[in-house]
Amino acid sequence: MKLLLDTHVLLWAAGQPERLPAGGRALLEEPRNELIFSAASLWEIAIKHGLNRADFQVDARALRRGLLDNGYQELAISSEHAVAIDALPPIHKDPFDRLLVAQAIVESVTLLTVDPVVAQYPGPVRKI
(Lines give C-alpha, C1' and ligand atoms only; values in the text may rest on other atoms or scores of the structure.)
Protein backbone atom coordinates (compact mmCIF):
# COMPACT_ATOMS: atom_id res chain seq x y z
CA MET A 1 0.00 0.00 0.00
CA LYS A 2 1.25 3.51 -0.81
CA LEU A 3 1.06 5.74 2.25
CA LEU A 4 1.46 9.51 2.17
CA LEU A 5 2.33 10.77 5.64
CA ASP A 6 0.86 14.05 6.81
CA THR A 7 3.33 16.47 8.38
CA HIS A 8 2.87 15.46 12.01
CA VAL A 9 2.95 11.75 11.22
CA LEU A 10 6.11 12.40 9.21
CA LEU A 11 7.79 14.32 12.03
CA TRP A 12 6.86 11.71 14.60
CA ALA A 13 7.96 8.81 12.37
CA ALA A 14 11.33 10.48 11.82
CA GLY A 15 12.05 11.71 15.32
CA GLN A 16 9.50 10.61 17.91
CA PRO A 17 8.02 7.27 16.82
CA GLU A 18 6.75 6.67 20.34
CA ARG A 19 4.16 9.42 19.72
CA LEU A 20 2.57 7.41 16.91
CA PRO A 21 -0.41 5.23 17.78
CA ALA A 22 0.49 1.51 17.70
CA GLY A 23 -1.61 0.91 14.57
CA GLY A 24 0.18 3.72 12.77
CA ARG A 25 3.59 2.39 13.74
CA ALA A 26 2.59 -1.04 12.44
CA LEU A 27 1.60 0.46 9.08
CA LEU A 28 4.91 2.30 8.81
CA GLU A 29 6.92 -0.78 9.76
CA GLU A 30 5.13 -3.09 7.28
CA PRO A 31 7.82 -3.76 4.63
CA ARG A 32 5.26 -4.03 1.81
CA ASN A 33 4.03 -0.47 2.39
CA GLU A 34 5.62 2.32 0.36
CA LEU A 35 6.15 5.41 2.52
CA ILE A 36 5.81 8.77 0.81
CA PHE A 37 6.43 12.32 1.99
CA SER A 38 5.25 15.43 0.22
CA ALA A 39 7.28 18.50 -0.66
CA ALA A 40 4.32 20.32 0.93
CA SER A 41 5.26 18.90 4.33
CA LEU A 42 8.86 20.06 4.01
CA TRP A 43 7.59 23.47 2.90
CA GLU A 44 5.35 23.62 5.97
CA ILE A 45 8.20 22.55 8.26
CA ALA A 46 10.58 25.13 6.78
CA ILE A 47 8.04 27.94 7.17
CA LYS A 48 7.01 27.04 10.70
CA HIS A 49 10.62 26.41 11.75
CA GLY A 50 11.44 29.90 10.50
CA LEU A 51 8.62 31.25 12.68
CA ASN A 52 10.23 29.49 15.69
CA ARG A 53 7.22 27.25 16.30
CA ALA A 54 8.10 24.91 19.15
CA ASP A 55 6.52 21.91 17.41
CA PHE A 56 8.60 22.41 14.24
CA GLN A 57 12.16 22.56 15.57
CA VAL A 58 13.68 20.38 12.88
CA ASP A 59 15.90 21.23 9.94
CA ALA A 60 13.90 20.51 6.76
CA ARG A 61 17.05 19.78 4.72
CA ALA A 62 18.34 17.23 7.21
CA LEU A 63 14.88 15.67 7.51
CA ARG A 64 14.59 15.32 3.72
CA ARG A 65 18.01 13.68 3.48
CA GLY A 66 17.18 11.28 6.31
CA LEU A 67 13.85 10.33 4.76
CA LEU A 68 15.40 9.63 1.37
CA ASP A 69 18.25 7.68 2.98
CA ASN A 70 15.65 5.54 4.77
CA GLY A 71 13.72 4.61 1.64
CA TYR A 72 10.90 7.16 1.68
CA GLN A 73 9.69 8.37 -1.70
CA GLU A 74 9.33 12.10 -2.33
CA LEU A 75 6.16 13.49 -3.90
CA ALA A 76 6.60 16.82 -5.68
CA ILE A 77 3.79 19.35 -5.88
CA SER A 78 2.24 19.57 -9.34
CA SER A 79 -0.25 21.96 -10.88
CA GLU A 80 -2.71 19.04 -10.98
CA HIS A 81 -2.44 18.80 -7.19
CA ALA A 82 -2.93 22.54 -6.82
CA VAL A 83 -6.07 22.74 -8.93
CA ALA A 84 -7.57 19.65 -7.27
CA ILE A 85 -7.90 21.67 -4.07
CA ASP A 86 -10.90 23.53 -5.50
CA ALA A 87 -12.93 20.31 -5.52
CA LEU A 88 -12.41 19.70 -1.79
CA PRO A 89 -15.20 20.52 0.65
CA PRO A 90 -14.36 23.36 3.07
CA ILE A 91 -13.68 21.04 6.02
CA HIS A 92 -10.26 22.37 6.96
CA LYS A 93 -8.68 25.79 6.39
CA ASP A 94 -5.02 24.73 6.64
CA PRO A 95 -3.56 25.05 3.12
CA PHE A 96 -0.87 22.42 3.72
CA ASP A 97 -3.37 19.81 4.87
CA ARG A 98 -5.68 20.61 1.98
CA LEU A 99 -2.80 20.15 -0.47
CA LEU A 100 -1.91 16.79 1.10
CA VAL A 101 -5.52 15.62 0.73
CA ALA A 102 -5.55 16.74 -2.91
CA GLN A 103 -2.27 14.91 -3.55
CA ALA A 104 -3.64 11.72 -2.01
CA ILE A 105 -6.72 11.90 -4.23
CA VAL A 106 -4.83 12.71 -7.44
CA GLU A 107 -2.11 10.10 -6.82
CA SER A 108 -4.50 7.42 -5.50
CA VAL A 109 -2.49 6.94 -2.31
CA THR A 110 -3.67 6.79 1.29
CA LEU A 111 -3.00 9.86 3.43
CA LEU A 112 -2.18 8.91 7.03
CA THR A 113 -3.10 11.56 9.58
CA VAL A 114 -3.56 11.98 13.30
CA ASP A 115 -5.78 15.02 12.73
CA PRO A 116 -9.47 14.20 13.23
CA VAL A 117 -10.49 17.18 11.07
CA VAL A 118 -8.35 16.08 8.11
CA ALA A 119 -9.75 12.57 8.55
CA GLN A 120 -13.23 13.92 7.73
CA TYR A 121 -12.30 14.39 4.06
CA PRO A 122 -13.82 11.88 1.68
CA GLY A 123 -11.41 9.75 -0.25
CA PRO A 124 -8.18 8.02 0.66
CA VAL A 125 -7.62 9.55 4.12
CA ARG A 126 -7.01 7.35 7.14
CA LYS A 127 -6.74 8.48 10.75
CA ILE A 128 -4.23 6.52 12.80
Side-chain angles (χ1 to χ4, degrees):
M1 179 177 1
K2 292 183 178 187
L3 302 173
L4 175 61
L5 282 58
D6 85 357
T7 305
H8 278 97
V9 173
L10 185 66
L11 286 170
W12 295 347
Q16 297 175 303
E18 67 279 0
R19 292 191 68 180
L20 291 167
R25 273 196 314 273
L27 284 169
L28 300 181
E29 292 169 357
E30 170 56 53
R32 292 175 295 197
N33 288 340
E34 182 180 334
L35 304 180
I36 305 167
F37 69 94
S38 172
S41 290
L42 294 181
W43 181 20
E44 178 179 15
I45 291 165
I47 288 172
K48 292 180 179 178
H49 177 80
L51 296 172
N52 292 318
R53 286 259 312 254
D55 53 342
F56 286 88
Q57 293 304 307
V58 63
D59 179 277
R61 283 182 187 85
L63 176 61
R64 179 180 182 272
R65 177 57 23 216
L67 293 168
L68 292 171
D69 288 348
N70 283 287
Y72 284 69
Q73 299 299 309
E74 183 173 6
L75 178 59
I77 301 167
S78 73
S79 58
E80 184 178 9
H81 300 146
V83 299
I85 291 171
D86 72 353
L88 296 177
I91 295 170
H92 201 333
K93 295 186 187 304
D94 184 287
F96 299 107
D97 288 332
R98 291 175 58 80
L99 182 53
L100 291 171
V101 171
Q103 286 184 301
I105 292 168
V106 169
E107 301 297 327
S108 298
V109 299
T110 300
L111 175 63
L112 293 184
T113 186
V114 292
D115 187 328
V117 178
V118 173
Q120 292 176 30
Y121 277 100
V125 180
R126 181 171 175 181
K127 183 178 181 304
I128 57 170

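Along the sequence shown, residues are numbered consecutively beginning with 1.
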Colleague: Could you walk me through whether F56 and I47 pass side-chain contact (heavy atoms from CB on, under 4.5 Å), step by step?
Modeller: CA-CA 9 Å; F56 286 88; I47 288 172; over 6 Å; no
Colleague: Please say yes or no: joined through hydrophobic side-chain contacts below 4.5 Å, possibly via intermediate residues, are V58 and L20 part of one cluster?
Modeller: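 Hydrophobic grouping puts V58 with L20.
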Colleague: Side-chain contact test, heavy atoms from C-beta onward, threshold under 4.5 Å: evaluate it for L11 versus L63 and give yes or no.
Modeller: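 They are in side-chain contact.
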Colleague: Quick one: does Q103's side chain get under 4.5 Å of L111's, heavy atoms only?
Modeller: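 No; the side chains remain at least 4.5 Å from each other.
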Colleague: Does atom NZ (K48) have a neighbourhood of more than 12 heavy atoms from anything else shown, all under 6.0 Å?
Modeller: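 Count over threshold, so yes.
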Colleague: Run the salt bridge (charged side-chain N to carboxylate O under 4.0 Å, His left out) test against D115 and tell me which residues pass, sequence neighbours left out.
Modeller: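 With sequence neighbours excluded, D115 shows a salt bridge (charged side-chain N to carboxylate O under 4.0 Å, His left out) to no residue whatsoever.
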Colleague: Using side-chain contact (heavy atoms from CB on, under 4.5 Å) as the criterion, point out the one residue from L112, I128, N33 that pairs with L28.
Modeller: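 Result: among L112, I128, N33, L112 is the only option passing the side-chain contact (heavy atoms from CB on, under 4.5 Å) with L28.
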Colleague: With the side chain counted from C-beta on, respond yes when R64 and E74 share a heavy-atom pair under 4.5 Å apart, and no when they do not.
Modeller: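 The answer is yes; the side chains approach within 4.5 Å.
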Colleague: Can L35 be reached from M1 by stepping across I, L, V, M, F, W or Y side chains whose heavy atoms are under 4.5 Å apart?
Modeller: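 Cluster IDs for M1 and L35 match.
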Colleague: Can I45 be reached from V114 by stepping across I, L, V, M, F, W or Y side chains whose heavy atoms are under 4.5 Å apart?
Modeller: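 Linked, V114 and I45 end up in one cluster.
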Colleague: Does the side chain of T113 come within less than 4.5 Å of D97's, by heavy atoms?
Modeller: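 In short, these two side chains do not touch, never coming nearer than 4.5 Å.
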Colleague: Less than 4.5 Å apart, any side-chain heavy atom of L75 and any of H81?
Modeller: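 In short, these two side chains touch, coming nearer than 4.5 Å.
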Colleague: Starting from V83, walk the hydrophobic network (Ile, Leu, Val, Met, Phe, Trp, Tyr; side-chain heavy atoms closer than 4.5 Å) and list everyone else you reach, by chain and number.
Modeller: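 None, because no other hydrophobic side chain comes under 4.5 Å of this residue.
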Colleague: Taking the side chain as C-beta and beyond, is there a heavy-atom pair between H49 and Q57 under 4.5 Å?
Modeller: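 When only atoms from C-beta onward are counted, Q57 and H49 do touch, with a gap below 4.5 Å.
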Colleague: Same cluster or not: V109 versus V125, using hydrophobic residues (I, L, V, M, F, W, Y) connected whenever any side-chain heavy atoms lie under 4.5 Å apart?
Modeller: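 Yes; V125 is reachable from V109 via cluster members.
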